[in-house]
Amino acid sequence: EFTLHYEVISSNNEDVGWFDVATSSGSVVRANAALDKNADTVTLTVSFGKENEAFEYRVYTSEGTVIKIKYIEMRKVSD
């Protein structure tokens, strides 16, 4: 489970951006979610194909949006 803790500083539109987790050098998106202008966290539950599979987490913002990333929390969830 991945939780992004953030604050929207400014945004010109409702589409703030999104948060995702990917594998295979970023080519396989395992989970993604839109960032909410009125929220401060977004959580993704991710299933990996292999135990030691490499991953990356990414935060994208729309043009004109400024966010502050406070921290990203990673937690192993039992099967």
Side-chain angles (χ1 to χ4, degrees):
E1 198 173 72
F2 295 80
T3 302
L4 172 68
H5 297 261
Y6 67 97
E7 176 184 349
V8 177
I9 304 299
S10 64
S11 181
N12 296 333
N13 54 46
E14 290 301 312
D15 182 20
V16 174
W18 68 93
F19 175 48
D20 74 15
V21 175
T23 57
S24 301
S25 300
S27 64
V28 177
V29 176
R30 296 289 181 167
N32 65 350
L35 302 180
D36 186 335
K37 190 185 244 186
N38 300 309
D40 59 1
T41 62
V42 61
T43 299
L44 302 175
T45 301
V46 181
S47 294
F48 292 104
K50 298 181 272 185
E51 173 107 8
N52 295 320
E53 189 168 17
F55 65 87
E56 55 191 70
Y57 49 83
R58 307 176 292 193
V59 179
Y60 295 90
T61 58
S62 300
E63 185 175 345
T65 297
V66 177
I67 67 169
K68 175 182 179 181
I69 298 173
K70 296 178 180 179
Y71 62 98
I72 298 174
E73 180 180 4
M74 295 180 283
R75 188 169 64 110
K76 184 174 181 177
V77 178
S78 300
D79 296 331

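Numbering starts at 1 and runs along the sequence shown.
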Do Y60 and V42 belong together in a cluster built from hydrophobic side chains that touch within less than 4.5 Å? no

For the student: nearest non-hydrogen atoms of V77 and E1, plus distance: CG2-CB, 3.6 Å

Using the side chain to side chain donor-acceptor pair (under 3.5 Å) criterion, which residues pair with E7? Sequence neighbours excluded. none

Run the side chain to side chain donor-acceptor pair (under 3.5 Å) test against T41 and tell me which residues pass, sequence neighbours left out. none

Is the side chain of S24 donor-acceptor paired with the backbone N or O of G26 at a distance under 3.5 Å, no angle test? no

Quick check: is V46 connected to V28 through a chain of hydrophobic side chains (ILVMFWY, heavy atoms under 4.5 Å apart)? no

Under 4.5 Å between side-chain heavy atoms, counting indirect links through other Ile/Leu/Val/Met/Phe/Trp/Tyr residues: same cluster for V16 and I72 or not? yes

Separation of K68 NZ from Y6 OH (nearest 0.5 Å): 14.5 Å

Please find the pair of heavy atoms, one from A31 and one from T45, that lie closest to each other, and give the distance. CB-O, 3.9 Å

Could you tell me which non-hydrogen atom of S62 sits nearest to which non-hydrogen atom of G17, and how far apart they are? OG-N, 3.8 Å

Group every Ile, Leu, Val, Met, Phe, Trp and Tyr by side-chain heavy-atom contacts under 4.5 Å, then state whether V59 and W18 land in the same group. no

ILVMFWY clustering at 4.5 Å (side-chain atoms), partners of V29: none

Does anything in residues 17-44 form a salt bridge (charged side-chain N to carboxylate O under 4.0 Å, His left out)? List the pairs, not counting sequence neighbours. E14-K37, D20-R58, R30-E53

My understanding is that only residues two or more places apart in sequence, or in another chain, count here; which of them pass ring-ring contact (aromatic ring centres under 6.0 Å, His included) with F55? F2, F48

Closest contact, heavy atoms only, T61 versus T65: OG1-O, 4.0 Å

Between atom CG of L44 and atom OH of Y57, what is the distance when rounded to the nearest 0.5 Å? 12.5 Å

By side chain to side chain contact (heavy atoms under 4.5 Å, CB included), which residues pair with N12, not counting sequence neighbours? none

